[in-house]
Structures are given as C-alpha cells and as structure tokens.
Amino acid sequence: MHARRRPPRPDALAGMAVVAEAAATPDLAPIRDGAGEAGYFNDIYLLAPVGYFVLGADTTILQMNVVGADLLGLPRNNPERIAFRPFVAPRFFDDFDRFLRRAVHSRQAEQCSLQLVRSRSAQGIPVTLRASADGGGALRVVLEPAEGMLAALERSEERFRRIVHSAEEGIWEIDAAARTSFVNPKMARMLGYGIEEMLDQPLVAFMDDEGRAILERNIARRQQPGNADERREFKFLRKDGSGLWVTLATNPIFGADGGYLGALALVNDVTAARASAELIWHQANFDDLTALPNRHMLHDRLAQEVKKAHREGVLLALLFIDLDNFKQVNDTLGHEQGDALLVEAARRITTCVRASDTVARLGGDEFVVILSGLDQVSGIDRITQSMLALLNRPFALGAASPSISASIGIALFPSDAATPEQLLRHADQAMYAAKQDGANRYSYFTPDLQLAAQARRQVTLDLRSALADSQFELHYQPIVDLKTGKIARAEALLRWRHPQRGMLAPAEFLACAEAGGLMVEIGDWVFRQAARQARAWQDELGPGFKVGINQSAAQFRGDTALYVGWLTYTAELGLAPRNLVIELGEGVLLDPGSQVAGRVRELREMGLQVALDNFGTGYSSLAHLKHFGIDLLKLDRSFIGRLESDSGDLAMCEALIVMAHKLGLRVVAEGVETAAQSGLLAMAGCDFAQGHVYARPMPAAELSALSRRGVALPD
C-alpha cells in the first residue's frame, strides 16, 4: 500500500480476514434483522478480502460484500435477485445441495470444496465455502479461492489495496497507542491533509477538547474483547480548523494472544447532512426574522419551566406583549421597514430580561417572555415598566422615526394557572384588558378578566345562531343634503336583538364576529337587507335615494363570487347598483391582504359607489382617493367636534372639502351634533351631513315617516 511509509503488515490484512471468517460462526456474528441489518453488514464485512454472502432459502443472494460481487461479476445490490447456485459448476450441484442441507441443520460451520463458473465457457475456479444458518431462514456463506497460500495472499493483498484506495468511505487504522498507522486517500482528503502528514500522528491531534474528553472516556472500554462494531457520530477538526462531522464504525484488532493491537474504522462524512438537520431543527423552533424561539419552542420551554417552578417552589411569570399600532406603521412604511421594527423591538425586549429568561415571538407583533425562578413579584413591575419605556421610544427606520407602544398582560404560576396552556391563555386575556384600557400599559390577570373572556366566547357562540334565528336588524341614520335640507341618503347600521341582553350595538359584538370568522356571512345578510330596503325607498322617496353599507377588511378580502352574487341580487330586485354605496374604513383601504385597487375597481364596474369612511383618522391621503377611485369622502367626527372652538379644524375641513371637490368627490360630514356645526359645514361647501342634530339611527319605517315630514335644518 503506497499510502504507508512501510510495507503493509500481514497482521492488518489478517485482522480483516479474521472478521470475515468469524462471520461463519453463528454465536460470534449473528445476522441482524430489521432496519439495522444493511448497515451492520456493510460496516463489518464490506472490505473483507474474502467473499461474503447472505443467501435466501432458494440461494437468492440477499447481500454480498465487494469481493463477493467482484468474484461473481454482479452489482453488489443484486437488483435482479440472482441466485448463487447457477454459479456452481454443474458437476458439483449435488455436493453443493448436500452442503447447504448440512449447513441449515448444523450448529457448526460446514465446509465444502467445489468449482464456480461465471459463464458456460469459463473455466471453473476452485473455491472453499463455509456456511452456517442464521436461525431466520437465511445462510451466511464465506468464499475463499482454493489456491496456494502465497498466491492467495498476493491476490488478497492486491484486491485489498484496490478496494481501500478507491473506497468512498474513509479508512483509518490506529495502533495500540492510538497513533495513526494507516489512512486511505479518501480519509486524508476529508481532513484536508496529505497522507504522510497524518501517519504516526496521535488521534487526539485531529480532535477538539470535547472529542478528546470522549476519547479518554471510551478508550479503556474499547480495548476490552467483545466491544466490536461500535457506531457513533463524532467531530474531527480539519487542517483549516473547520469541523468535520462523521459517523465511525469501528472494530478493534486483537492479536493471537488476545492482546489489543489497535482499531480499524470506516468513516463517512455527515457534515452536510448534520448541517441540514440542524437547519431544519432551527427553522422548526426559531423565528426566521428575529431569531427568537417561535411558538413551538415557547410551548416546550414553558412546559419545562412550569415543571421546574413546581418542583422548586418558586414563582414563574409569563408576559404576553402586543405592539400597539404596528399595523399602521407596517402599512404606511412597507413590510421591509415593518420587519426592521420587529427585529429592533425584539432586541429591546430582550435587553430588559436576564439571560436565563426566554423571549419568544408568537407571530406578527406578539411576543411572550418567561420570567423564571422569581422569589417575589416586585421585580416584575420593574421589568415590565422598562419594556414599555423602551418600546415607546422612536424607532429609526431610514428617513422615518415612527413611535409605537405596547400592551402587556401578566399571569403568574402557580397563583393564576395550573398548566402552561392556562398560563398562556390568562396572560393573553390580561394583555387584551391592557389594550382595552388604552394601550401602552400592563395588566395582571384577575378572575374578572377570565369572566370577560368567557363572555366574549359566549358572544361568539351566540352569534352563530343569530342569523338563523333572525336576531339581526338594520337601523338607518338619515344623511341630509345641506343645500336642500332633504334626507337624500341613509347609512345602514347593524343591530343585534339578543334574546337575553337586549339590543346590542355593533361595538359590542363585531370584534367577536370577526374573530369567529362570521363577518362575510353577516355582511352578506346586511347587503341583501339594505338592498331590499333601498329598492322600497326608490318607489317611496324617489329614484335618487341612496343607502350606504359598511364593509370590513374581512369582507373586502372575500371571494369575488360574493360580489357577483350581489350584482345578481340587485338585478332581481330591479335596483340600480348606483343607489348603493359601499363604505370602507381607512384600514381597509391600506390593508395589504385585501387587493384594494382591484376590489374597488370590481365594485365600481358593478355600478356600486364607494365611500371612504372616517377620513382623517389614519394614514390615507387625497392621493389615495384618486388612485383607488373613491366616489364619496366621509369626514371623521373628530374634525367636526371642534369646528366651533378651533379655527384650525375649520380651516382643515374647508381645505379638504375644496380638494375633494377638485378630485370630483362629494363630501359627507359625520357626527354633526349642533346647529353651529351644521351651519359652518354648509358655509364651507360640504355636500351632506349626518348626526344626532338631525336624527339618530332608526328603523326603516320611522325614517320613511321622517323623510315625508322633512328635516328642518337647525338655525
């Protein structure tokens, strides 16, 4: 073997032959069933310098090593399931069959001399076979050419040299002092060394500290007889310092006196496979954006920390954090800047806790913190206040510096919950309470919050039967033409006549409807009811009367088939679609998931008009109005409420009205409460107004009567 500085030692080859011959002894090397069989066979017998076969009952070759495949001229995996018997010279068939029968029924290895042929014209090759049964219906057969010892040794040496130097596995031999006595070219390439550089080097020279410690723990055990065939993953160091992860299948080499001579290992590089597995594990357990633990990892760690807190009798706090107004920042500045804000928010949260605590991202703008091993509650307030203060500072996102806040809910183990699931749910409920109280604050879980959460769940359950039981109603608020004083339009407003709680306004149940996925179904009912009423008012109040219908983001993301159904329904009613106005909030206009421009275009192509509701409270602009094809602009009540006392608000309203008219839009003022506000809006050129100064929302019959009487504009 030219890879070594000295000629190959016969005892190294003999060691391989001993392994192969031992395979014929049932009590020394049993065949293993199941998934591990192939790996066991390859590790021990792959490089043996004799032929090794596992035969089925009909002598089909189930397994064979490299030498066996080479002798018979077959692929080693034997895809055609060729049998061994046809390779026996015909005149030896009887001898071969008797040999197999003896082997099947004998506890000792049986031996037979015969000739093999690879083809009809080939000359027979004298061989010696040794066989034994494995107890499972298969036979193990070792084949050696029956030739002179020197010729056999030379042939075996040459074959072994060819196999070792062309092997895809690394082959590494160490002596009794754990110094390298042989490596094949593949092994040297795997570590980035030349063969000569590795020879005589101690095994520990290719290991890091962890590997050396493992070697020290195992080396004494490995020198004991009976510890053959060990497979393990191991890390070596390449010449450039990088890690090489491998699987080693090792076999110790013993002398005739039983003394330990060294070991031989087959080495397979699994660095890429291990890196891939680690990447898959990391992706399954960590958030790609922030590198924090994700929901899956959070549940695992929370379960562990709850068990630890229970065992040690200490407190555990769970903080549920939701970023306030993140969606508006994400919509106005774009997802890339929104992602940057989330990364910075994660960093700020992490700086407020100890290294032993866990910060996780549930998804979106929700984070969870596990504060473990607490002796008292007082430290939680300090940590939470620090988080709120840090998150409230402006975020530097390129040219923009938006500010957000956070709502934090806190639940404690064991006082607030007995299980990880309860703890997370109660912290979520406390967060919801903090957000309802005005955001930028924190709230501890209380039993009252649990009752409120249960009430919300009950509302969601009740909503599912509300449509079927005809519990919904529509009320209509008149919209007055400020030039004529007539009721020219009406806004349809949903009401729920709950069987136990009485009449409920939308604010009391729409959030539950959206969370329960009921908005599309409810919205369809509202549209059809409002369309039916609009058709009735066409005959009663005149063909120009229009009805406005509110639509949420969830509805706007619905299937186009919903709108096609509406168009069909209006045609059945004989109602011109232009008499219906779909009112959208600014949140819908900026919702990235609703395909706004295309959806608005679909509505307008159907003949429906589109109004932008509550204009001025969000981030939309007049440029958006032109881009999306809005027909009607509804000024938010926050502008109207200060018209009498704030000249700036009046100037803003006047400017918006003028610019809207320039864009071809008509303007409705919402929330008009006083005669003065009505007069100022009329002087500013506003087209329409609605509010309690004219009339509150009312059933359709009452609006019909009011319209016939007329509304006197306040003085």
Within the 4.5 Å heavy-atom criterion, are [X] and [Y] side-chain neighbours or not?
X	Y	answer
V142	R130	yes
L72	F84	yes
D357	S372	yes
T419	Q422	yes
F413	L315	no
I253	L264	yes

Exercise: identify the closest heavy-atom pair between Y260 and P252: CE1-CB, 3.9 Å
A177 versus D175, closest heavy-atom pair with distance: N-OD1, 2.9 Å
Verify whether one side chain among [X] and [Y] offers a donor that lies under 3.5 Å from an acceptor in the other.
X	Y	answer
R81	T60	no
D416	H426	no
E173	S181	yes

Test side chain to side chain contact (heavy atoms under 4.5 Å, CB included) applied to D322 and I408, L362, D365, the passing residue: D365
Result of checking T358, L319, L316 against L371 for side chain to side chain contact (heavy atoms under 4.5 Å, CB included): L319
Inter-residue atom distance [X].[atom1] - [Y].[atom2], 0.5 Å rounding:
X	Y	atom1	atom2	result
F87	L143	CZ	CG	11.5 Å
M64	D70	CE	CG	11.0 Å
L289	D339	CG	CG	4.5 Å
K239	M198	NZ	CE	11.0 Å
L114	L129	CG	CG	4.5 Å
R91	Q115	CZ	CD	4.5 Å

R354 atom CZ, neighbour heavy-atom count above 12 within 6.0 Å: yes
H310 NE2: over 12 foreign heavy atoms closer than 6.0 Å: no
N-O pairing of D428 and R425 below 4.0 Å: no
Test: E344 and R348 ion pair at under 4.0 Å: yes
Lys/Arg cation over aromatic F93: R85, 6.0 Å, 45° cone: yes
With distance as the sole test, does [X] use its side chain to make a donor-acceptor pair with the main-chain N or O of [Y] at under 3.5 Å?
X	Y	result
R179	I174	no
S276	A272	no
R361	G364	yes

Ring center gap for F286 and W281 short of 6.0 angstrom: yes
Centroid-centroid under 6.0 Å between F320 and F367 rings: no
F236 and W172 aromatic ring geometry - parallel, tilted or perpendicular at 30°/60° bounds: tilted
